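All values derive from a computational prediction rather than experimental measurement.
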2 protein chains.
Amino acid sequence: MSARALPYRPHNHDTCVTQALTDARTICQDRNVRLTPTRERVLELIWQSHKPLGAYDVLAQLSDDGHNAAPPTVYRALDFLQQNGLVHRIASLNAFIGCTHTGEHHTGMFLICQGCGNVLELTAPSVSGAIKVAAEAESFALDDVTLEIAGLCPRCQSEQDETGAPGNE
Amino acid sequence: MSARALPYRPHNHDTCVTQALTDARTICQDRNVRLTPTRERVLELIWQSHKPLGAYDVLAQLSDDGHNAAPPTVYRALDFLQQNGLVHRIASLNAFIGCTHTGEHHTGMFLICQGCGNVLELTAPSVSGAIKVAAEAESFALDDVTLEIAGLCPRCQSEQDETGAPGNE
DNA sequence: GAAAAGTTTGCAACATTATAACATTTCCGA
DNA sequence: TCGGAAATGTTATAATGTTGCAAACTTTTC
Ligand SMILES: [Zn+2]
Ligand SMILES: [Zn+2]
Ligand SMILES: [Zn+2]
Ligand SMILES: [Zn+2]
């Protein structure tokens, strides 16, 4: 899958979303699962924001579409997208964000800016390695890692320096 | 603060809880904050389980006490206990657990057994170090780390080997 | 000690997030 | 084209967490 722009810097976000959808179609074909219109639309809505979107935010936008949707519609689509590695759930926010490392077998590590709300997904082998070692030291059989880091992104740090308060883009 | 038993192995849990409460009193005195009866009782309830307890579980037990409690009572007590480093919230479970490293400035890392539900809190400098480095590489100002690892504890691994299914103590 | 100020709790209502259960429709292979 | 599997619609409900305001309690100040 292609490299993507950082959320912190402006970029052609339409392209960014389009690419994500294209990649998703490919992945679903490869895996022989169905990226139905609802699922695709939910993925698109999530990708249109570099900030995590709550399930009910997605629901509201589906309703704006004229889609007659109820919570299960959204949660089912999100489950599907998660299971196929297309979105991640951010437990500390009860929200969802598009995966920027689809295909690459990875452990997501999320930098969550408390200023602007943007989230950057990283893959840090040194971190996953250290976690694996620590778990093994306890004879713990590792299955799933939740690693979410709250703080301030570079831009919000400088805004805070200047104005005394974090910005909210 | 004194060393504590691992949840995996049987131990005198009354002592374990008593010690935690004693430590908590000391900490609150040092910090000049009030460990009121409600707060202390909530802490005790949480400590009585090595498994994370949901806010409404705590609420139910308070009600059993005859305490006329509503959700805010519990959430406020939990907020207090969190702020003073006496309990942690496990985001992936929406539940709370007593901190086993009170006093020691630390980043909690939690091993959550999917078999028995027990949780072990670790401090792994190699992990926190790697996280810090990764964040710095992105010029991200780290504030709070959520690190929760789901898997199987040693005991549940062997039970699974023997019976084909994880145990539930 | 009494009044003032600050903190904690009680209480009612409400908001948000997530799931259960079952009917209906759509899809896809035989 | 038919029959089973997968996906969606629909309604209701469960689980988790918050707001706002008044009353009670503590600490400080005079
Ligand atoms: Zn990812
Ligand atoms: Zn920011
Ligand atoms: Zn701790
Ligand atoms: Zn276990």
Side-chain angles (χ1 to χ4, degrees), chain A residues 24-25 28-29 31-46 49 51-63 65-84 86-97 117 146 148 150, chain B residues 24-25 28-29 31-46 49 51-84 86-97 117 146 148:
Chain A
R25 279 184 212 106
C28 288
Q29 261 175 20
R31 303 185 59 153
N32 203 32
V33 293
R34 286 157 58 192
L35 188 60
T36 63
T38 303
R39 290 167 173 173
E40 186 169 333
R41 179 63 178 140
V42 169
L43 181 60
E44 185 182 13
L45 288 170
I46 286 179
S49 171
K51 309 180 189 182
L53 221 50
Y56 280 75
D57 296 332
V58 174
L59 182 58
Q61 299 206 42
L62 280 183
S63 299
D65 284 358
H67 189 302
N68 191 359
T73 304
V74 174
Y75 281 101
R76 288 194 281 230
L78 289 170
D79 282 349
F80 171 86
L81 295 170
Q82 271 183 95
Q83 289 194 336
N84 292 285
L86 299 170
V87 307
H88 293 286
R89 179 169 192 274
I90 310 290
S92 57
L93 299 176
N94 295 334
F96 300 82
I97 192 156
T146 298
E148 300 167 7
Chain B
R25 281 184 211 106
C28 289
Q29 260 175 19
R31 304 185 60 153
N32 203 32
V33 294
R34 286 155 57 191
L35 188 61
T36 62
T38 304
R39 291 167 174 173
E40 187 171 331
R41 179 65 178 138
V42 169
L43 180 59
E44 185 182 13
L45 288 170
I46 287 179
S49 171
K51 310 180 189 182
L53 221 50
Y56 280 75
D57 296 332
V58 174
L59 182 57
Q61 299 207 41
L62 279 183
S63 299
D64 289 349
D65 284 359
H67 189 302
N68 192 356
T73 304
V74 173
Y75 281 101
R76 287 194 283 229
L78 289 170
D79 283 349
F80 171 88
L81 295 170
Q82 270 183 97
Q83 289 193 335
N84 292 284
L86 298 170
V87 307
H88 293 287
R89 179 169 194 275
I90 309 291
S92 58
L93 299 177
N94 295 335
F96 299 83
I97 192 157
T146 298
E148 299 167 7

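Considering all non-hydrogen atoms of both residues, Leu78(B) and Ala55(B) come closest at CD1-CB, 4.0 Å. Between Gln83(B) and Arg31(B) the shortest heavy-atom distance is O-NH2, 3.8 Å. In terms of heavy-atom proximity, Glu148(B) sits nearest to Ala91(B) at OE2-N, 2.7 Å. The shortest non-hydrogen separation linking Arg89(B) to Gln82(B) is CB-OE1, 3.5 Å. Of all heavy-atom pairs between Leu43(A) and Ala24(A), the closest is CD2-CB, 3.4 Å. The nearest pair of heavy atoms linking Leu53(A) to Ile46(A) is CD2-CA, 4.0 Å.
With a 4.5 Å cut-off on side-chain heavy atoms, Val87(A) and Ile97(A) do not count as touching. Here the side chains of Arg39(B) and Arg34(B) are in contact, with some heavy-atom distance below 4.5 Å.
Both Arg76(B) and Leu93(A) lie near DNA chain C, and the one whose nearest nucleotide falls closer to the 5' end is Arg76(B). For the pair Asn68(B) and Val33(B), nearest-nucleotide mapping onto DNA chain C gives the more 5' position to Val33(B). Place Phe80(A) and Pro72(A) on DNA chain D by their nearest nucleotides, and Phe80(A) ends up nearer the 5' end.
Note that CG of Asp57(A) and CG of Leu45(A) are 10.0 Å apart. Values are rounded to the nearest 0.5 Å. Glu40(B) contributes atom CD, which lies 10.0 Å from atom CG of Leu81(B) (distance to the nearest 0.5 angstrom).
Scanning DNA chain D 5' to 3' for nucleotides with an atom closer than 4.0 angstrom to a non-hydrogen atom of chain A gives a first and last hit of dA6(D) to dT11(D). Read 5' to 3', the first and last nucleotides of DNA chain C with an atom closer than 4.0 Å to a heavy atom of chain A are dT17(C) to dC27(C).
Between the axis at the start and the axis at the end of the helix from dG1(C)-dC30(D) to dA30(C)-dT1(D) there is an angle of 30°, using five pairs per end and rounding to 10 degrees.
Residue contacts for Arg34(A): at a heavy-atom cut-off of 4.0 Å it reaches the sugar-phosphate backbone alone, with no base atom in range.
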